[in-house]
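Report on the following structure.
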Amino acid sequence: QLVESGGGPVQVGGSLRLSCAASGPIILAYMGWHRQAPGKQREEVAIISLDGTTHVAASVKGRFSISRDNLKNIVYLQMTDLQLEDTAVYYCTVGGESWGQGSQVTVSS
């Protein structure tokens, strides 16, 4: 089970941090975040492997960063300099197979 927290409304240029906690034994698979904006397909935002290797989408590189606490099975998405186009529902994932409930992030001017 994946439980997300940290979404909400924010103004342009603001910051938010999303958290996703997974229950169960230590996760060996990659963990990550996808998002889906209204009327658009779900897209990968950032993923992180067990050894800390990350991949961040070009659209958010330099503004978003991903990290994980391997002992606690928590993955974080630190979002800075948020823009209107970052408005979406953000989903955490483990290995692309398990998904969180989704966290709404709404950026307004």
Side-chain angles (χ1 to χ4, degrees):
Q1 182 181 7
L2 303 179
V3 178
E4 301 180 23
S5 60
V10 64
Q11 291 190 322
V12 170
S15 300
L16 282 175
R17 189 177 79 157
L18 302 180
S19 301
C20 175
S23 57
I26 291 178
I27 293 172
L28 303 181
Y30 75 84
M31 302 179 78
W33 295 90
H34 285 58
R35 69 184 181 185
Q36 187 165 19
K40 294 187 178 181
Q41 291 188 327
R42 189 176 294 193
E43 63 174 349
E44 180 182 288
V45 176
I47 59 174
I48 182 168
S49 63
L50 182 65
D51 68 1
T53 302
T54 63
H55 179 269
V56 180
S59 59
V60 303
K61 189 167 290 185
R63 300 188 297 118
F64 291 13
S65 62
I66 187 170
S67 60
R68 66 188 280 178
D69 183 327
N70 291 333
L71 294 181
K72 296 182 179 179
N73 280 349
I74 299 175
V75 61
Y76 303 97
L77 184 68
Q78 180 67 51
M79 304 182 289
T80 64
D81 191 24
L82 283 157
Q83 303 298 310
L84 295 176
E85 55 266 31
D86 296 318
T87 294
V89 178
Y90 287 72
Y91 299 90
C92 67
T93 182
V94 171
E97 296 182 349
S98 299
W99 296 88
Q101 79 275 18
S103 297
Q104 178 68 49
V105 172
T106 302
V107 185
S108 61
S109 57

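Along the sequence shown, residues carry numbers from 1.
- Side-chain contact between Met79 and Tyr90 is present, with at least one heavy-atom pair separated by less than 4.5 Å.
- Seen from the ring of Tyr91, Arg42 counts as a face-on cation partner, given the 6.0 Å and 45° thresholds.
- No side-chain heavy atom of Phe64 sits under 4.5 Å from any side-chain heavy atom of Thr80.
- Residues meeting the side chain to side chain contact (heavy atoms under 4.5 Å, CB included) test with Ser59, sequence neighbours left out: Arg35, Ala57.
- A donor-acceptor distance shorter than 3.5 angstrom exists from the side chain of Glu4 to the backbone of Ser103, with no hydrogens or angles considered.
- Glu85 meets the side chain to side chain contact (heavy atoms under 4.5 Å, CB included) test with Gln83; sequence neighbours excluded.
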Worked check of side-chain contact (heavy atoms from CB on, under 4.5 Å) between Gln78 and Leu16: CA-CA 6 Å; Gln78 180 67 51; Leu16 282 175; over 6 Å; no
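- One N or O on the side chain of Asn73 and one on the backbone of Ile27 form a donor-acceptor pair closer than 3.5 Å.
- Criterion: ILVMFWY side-chain heavy atoms under 4.5 Å apart, direct or through other members. Under it, Ile26 and Val75 are not part of a common hydrophobic cluster.
- Distance check: Thr93 OG1 to Trp99 CH2 gives 4.0 Å after rounding to the nearest 0.5 Å.
- Residues Cys20 and Tyr76 have side chains not in contact (no heavy-atom distance under 4.5 Å, counting atoms from C-beta outward).
- Under the side chain to side chain contact (heavy atoms under 4.5 Å, CB included) criterion, Thr53 pairs with Ser49, Asp51, not counting sequence neighbours.
- Under the 4.5 Å side-chain criterion, counting only non-hydrogen atoms from C-beta, Asp86 is not in contact with Val105.
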